[in-house]
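Report on the structure given below.
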Amino acid sequence: MATQPAAKIGESWQDIDTPALVVDLDHLEHNLATMADYARQQGVRLRPHSKSHKCPAIAHQQIALGAVGVCCQKVSEAEVMVAHGILDILVSNQIIGRAKLNRLAALAKQAEIAVCVDNIDNIDEINDAAERFNVSIKVLVEVNVGSARCGVLPGQETLILAKAIAECEHLHFAGLQAYHGGAQHLRSFEARRRTILQAANLVEETVSLLAEHGFHCDIIGGGGTGTYIFEATSGIYNELQVGSYVFMDQDYSLNLNAQGEPIDEFKQSLSIKSAVLSKPQSHRCVLDAGLKAFSTDSGLPGIARYEHTKVLGAADEHTNIEFSKHTQVPEIGDAVTLLPSHCDPTVNLHDWLIGIRKGQVQTIWPVAARGALL
Ligand code: PLP
Ligand code: MN
């Protein structure tokens, strides 16, 4: 059950109650347009990952700008997107077990659904579910191109699964997913370029092997916010499944471009508005937002506007900040803006996303797929 949002449309940023998840709409729209334009120029399809925003409203904007559909990581996330009219979905993950596969097959009655596999028994399971619901499901083989999460090896292992998919009456072999998660946050441009070049070579060899056996890959997908340039220009990948570019993790600002400077084509659009709850010492403040308002798997959040601050630590509902003797220290009730180090899990902690433009609340979107873990 969603809580009440922390603001009303038309109110000013100052009026937003805290803690609240806030998106700068000018920055968001800049990011959406920049990626859409880039994909179009490079002649690759864009299928952004909805796990980052979990908001059908943003997915619709991405599609209006030319995206062919979205990726979801979970069946329940896909259910939310389909319920809100997003009708072309790649579940960029493995889905196992009868309960979830029934839900996946049910979705295929309403929308184009594709799913990834890396296991032969799972292929049979998906086919059985598709048969029960009398639907056809597109299936991609997930290939491990170096990041060693899910995925079979390129080459023969991939071919074996493609053959198994093709033998299933209710499945359609739709191509490959070759996402390299481990490359996204490599700091040097050259390291990311080299890593994706190696991945693209493995994919190219695999696509040729499949072609020799009569298999065509409609989708050759991959690419995240850290590496999309290299997949897009590889001549091999034809779909980008970028997610974080909509908001930009603080952590992504540590990635360097070809000139050795922080990447800057996307703007950080997401923040958490918090307030000073307590000021136990003249230079130490405690904020009203903690681990339940932001994720810390990529580090503690940054602090906007105030310089020379140090985040001492975060607890469930509190963040402790030390201010330098040379800065102005906020008073109890003053707002402090936090910049999430990792947006995907941060968004999943909030019921509402408050959109501001020129200091005014313009949209309030439910994070409709929040908690969609099944
Ligand atoms: N595709 C898959 C399978 C992912 O796991 C992720 C992110 O973890 C993405 C795409 C999007 O990557 P990013 O959020 O870095 O753009
Ligand atoms: Mn992420």
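These numbers come from the heavy atoms of this one structure, side chains and all, not from hydrogens, waters or symmetry mates. None of the values given here were measured: they were computed from a predicted structure. By convention here, the first residue in the shown sequence is residue 1.
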Between Glu322 and His283, is any side-chain donor less than 3.5 angstrom from a side-chain acceptor? no
Basic-acidic side-chain contact under 4.0 Å: Arg187, Asp251: yes
Does atom CD of Gln14 have more than 12 heavy-atom neighbours, drawn from other residues, nucleotides or ligands, at distances under 6.0 Å? yes
Decide, yes or no, whether a salt bridge links Arg98 with Glu125 under the criterion of side-chain N to carboxylate O below 4.0 Å. no
Criterion side-chain contact (heavy atoms from CB on, under 4.5 Å) against Thr309, the qualifying member of Ile321, Val329, Val336: Ile321
What do the steps show when you test Asn102 against Arg132 for side chain to side chain donor-acceptor pair (under 3.5 Å), and what is the final call? CA-CA 8 Å; Asn102 280 346; Arg132 285 196 291 279; 2.9 Å; yes
What are the two closest non-hydrogen atoms of Cys168 and Ala164, and how far apart are they? SG-O, 3.4 Å
Just by distance, no angles: are the side chains of Asn127 and His170 close enough, under 3.5 Å, to form a donor-acceptor pair? no
Determine whether the aromatic ring centres of Phe230 and Phe189 lie less than 6.0 Å apart. yes
When you check the gap from the basic side-chain N to the acidic O, do Lys358 and Asp26 get nearer than 4.0 Å? yes
Aromatic ring proximity Tyr38/Tyr245, centre distance under 6.0 Å: no
Check ion pair Glu29-Arg357 (N to O, under 4.0 angstrom): yes
Residues Arg103 and Glu79 bridged, charged N to O under 4.0 Å: yes
Do Tyr252 and His185 have ring centres separated by under 6.0 Å? yes
Is a side-chain N or O of His60 found less than 3.5 angstrom from the main chain of His84, in a donor-acceptor match? yes
Which heavy-atom pair separates Leu176 from Val207 by the least distance, and what is that distance? CD1-CG2, 3.9 Å
Given the rule that I, L, V, M, F, W and Y join up when any side-chain heavy atoms are under 4.5 Å apart, are Ile113 and Phe173 in one cluster? yes
Between Arg45 and Glu239 (salt bridge meaning N to carboxylate O under 4.0 Å), is one present in this structure? yes
